[in-house]
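Take a look at the structure below.
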Amino acid sequence: MRVVAGVDVGSTTIKVTVYDGRAMEHRMVLAGWNPREEAKALLTKVVKEWQIAIDDLAAIVGTGYGRANLPFAARPLTEITCHARGAEYLSPGVRTVIDIGGQDAKAIRLAAGRVEEFVMNDKCAAGTGRFVQVMANALGFDVASVAQLALKPGEEACSISAMCTVFAESEAVGLLHRGHSPRAIMAGIYAAIASRVIGMADKIAPCGPVVFTGGVARNEALGRALSERLGLELVVPSKALYAGSIGAALYAWEQGETKEAND
Amino acid sequence: MSDPVTMLKAAKAEGKKVVGFYCVYAPQELVLAADALGFALCATKEEPIADGEKALPRNFCPLIKSSYGFAATDKCPYFLYSDLIVGETTCDGKKKMFELMKDFKDVHVMKLPQSNLQENDHQYWLSEVKLLKEVLEEKLGVSITEEKMRNAIRVLNEERKMMQELSSLMQADPVPMSGMDMLKLMWGRNFVFDRSDFAQQLNGIIADLKESVAAGEGAFPKGAKRILVTGVPTGVGAEKVLKIIEECGAAVVYIENCSGMKQFVTLVDENRPPLEAIADKYLGIPCSCMSPNPKRMEMISNLVNEYKIDGVVDVIWQGCHTYNVESRILGKHLKEENATPFLAVETDYSQSDVEQIRTRVQAFLEMMD
Ligand code: SF4
Ligand code: SF4
């Protein structure tokens with residue numbers, strides 16, 4: 001039996017997908033201080049359930065932020081390529097992928113399942129998972145409630161202008177002191193992030209169907225803001241978080257050749 | 001010979017005059033015909049930026065901040081030893097930089113027209129070139145004769161032809177030289193004291209490369225992705241993106257920008273009155289400060305075909321508005337005309353975004369698989 005794996009080492013989490021041509025198994029863990037060891041430990045655990053060891057895998061493709069630092073993965077591919085492939089698998093026929101991860105945001109346009117064009121945010125964290133997290137913490141939300149956030153009828157989102165994490169945080173605190181509700185402020189933050197991300201995505205002329213992937217895809221409130229600003233419906237596959245590792249596993253599957261054990 | 005600075009001092013001691021310029025619009029024939037040494041000062045190093053920022057806004061193009069930082073602190077010997085600086089009104093940032101520079105240096109600024117398409121643009125530029133000739137004669141105490149101009153035209157045309165020949169060898173697959181080596185060579189050309197020495201050196205390199213091509217040897221394996229780099233000047237010290245492209249396994253087979261081939265692709269017409277011929281050659285340079293700038297689009301489309309380019313990378317400095325806007329025009333043009341993948345990289349001279357650029361470049365290359 002041929003078994004392959006895709007390992008997506010992101011800035012905050014590590015995702016592993018194991019695939020044998022029929023069944024797919026996904027697992028996630030926090031990246032922690034030593035992503036390379038964490039990735040290896042996670043992979044070892046997952047393949048054990050298949051009654052094999054890492055060395056028995058026919059191919060491993062690494063992707064994501066930490067892809068270059070995975071000695072056991074024979075071939076690194078960028079998260080752009082892998083996310084596109086994973087999104088196409090999760091939602092066949094997808095034309096645009098919006099992926100928001102811990103520290104970056106990207107928009108990819110596909111044609112016939114292949115990357116045609118892409119854009120990525122530059123240095124700053126605005127419009128990324130990190131930004132959402134900092135703001136949610138500052139406003140006292142927990143992960144679940146911030147993702148489910150919805151305004152009450154008649155309630156209006158605050159307008160947030162700063163997009164630098166530091167400035168936006170003080171702007172949010174300022175609004176709190178002036179008596180605005182955390183909910184309205186957070187809604188304003190989502191609207192601002194959506195503007196930012198869609199402003200970037202506009203460069204590649206996004207068209208439907210649009211798939212939302214990455215860690216932040218589980219945030220329904222942000223998804224709604226994005227889709228409103230985009231004017232298109234956003235599809236969020238249930239395995240959206242694993243799009244990158246799924247893409248990597250599919251490339252590994254195709255690779256055919258057996259990897260050299262060089263760990 | 002000794003190091004460049006000692007050579008520079010020696011040349012000055014012998015009474016040689018030195019002219020510094022910041023842009024490929026500066027007519028080098030006139031400097032050569034004035035028996036002076038001409039050096040391109042367009043700095044591309046990160047260190048002087050902090051000094052540049054003392055006088056210039058922070059969100060300025062790094063090329064200008066770096067150039068100015070070098071100039072204002074006497075850290076660039078070529079600037080220090082220049083008897084005259086020739087500036088041009090290319091982008092707004094440079095224009096204003098020259099105003100500040102006039103406080104501590106002799107600067108003559110050539111006023112470019114906004115476009116190079118109409119007859120009156122050419123007439124106007126011709127008068128600016130004439131004026132430069134007079135300024136050089138006066139400041140350097142020389143007379144620039146027809147004969148000397150014709151001679152300078154011949155010398156520089158020969159050099160251009162050699163650069164063209166050298167570059168055309170990069171059409172081979174495998175490519176005989178890396179883009180980084182090509183860049184170093186072109187960059188080195190800016191600091192040449194003796195044009196005939198340089199010509200000899202070029203001849204040697206051309207012969208070597210021809211051998212490599214004949215033997216099928218290359219700097220990259222056959223079939224490596226072929227990239228054309230365009231955009232702002234990316235000289236040695238600011239070659240970050242070129243380096244990343246080649247580290248990712250693709251070959252930079254053509255560097256189109258001003259630190260690359262831009263100045264060598266057209267000759268000065270040797271059969272016309274020298275000043276007119278010089279003026280026309282320089283005005284034809286397709287810089288994004290020209291509005292509109294259709295020649296750059298046409299030229300890149302042709303290069304994509306000639307050099308069998310797999311992808312075009314447009315490098316833009318943060319704060320460079322003309323190239324930044326023109327990037328959209330270029331991307332659209334390449335898509336429609338050549339269906340060539342296009343990647344725009346906006347950056348500065350720092351190293352802080354190297355990994356992000358690497359991801360983008362890698363994804364760009366994966367896109368072509
Ligand atoms: S990019 Fe334009 S302004 Fe800059 S050196 Fe080239 S021609 Fe001159
Ligand atoms: S890169 Fe752009 S802004 Fe900078 S000097 Fe050249 S034209 Fe001006």
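Values below: all heavy atoms of this structure, side chains included; hydrogens, waters and symmetry mates excluded. Chain A is the first sequence line, chain B the second, and so forth, proteins listed ahead of strands; every chain is numbered from 1.
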Residue by residue, which of residues 110-117 of chain A have a heavy atom closer than 4.5 Å to a heavy atom belonging to chain B? R114(A), V115(A), E116(A), E117(A)
Could you report the tightest heavy-atom contact between F118(A) and R360(B), atom names first, then the distance? CZ-O, 3.3 Å
Applying a strict 4.5 Å limit to non-hydrogen atoms, the region of K203(A) in contact with chain B is side chain
Count the heavy atoms of every other residue, nucleotide or ligand shown that sit under 6.0 Å from NZ of K95(B), and state whether that count exceeds 12. yes
Can you establish whether the number of heavy atoms outside Y65(A) located under 6.0 Å from its atom OH is more than 12? no
Per-residue contact mode, L77(A) against chain B (heavy atom under 4.5 angstrom): both
Would you say NZ of K225(B) has more than 12 non-hydrogen atoms from neighbouring residues, nucleotides or ligands within 6.0 angstrom? yes
Residues 53-68 of chain B vs chain A, non-hydrogen distance cutoff under 4.5 Å, contacting residues -> none
Among side-chain atoms of T78(A) and E366(B), is any donor-acceptor pair under 3.5 angstrom? yes
Closest heavy-atom contact between A363(B) and I80(A)? CB-CG1, 3.4 Å
Do R67(A) and T359(B) pair up side chain to side chain, a donor and an acceptor below 3.5 Å, judged on atom types alone? yes
Would you indicate whether K295(B), at its atom NZ, is surrounded by more than 12 heavy atoms from other residues, nucleotides or ligands within a distance under 6.0 Å? yes
Okay, L365(B) and chain A: the region with an atom under 4.5 Å from a heavy atom over there is neither
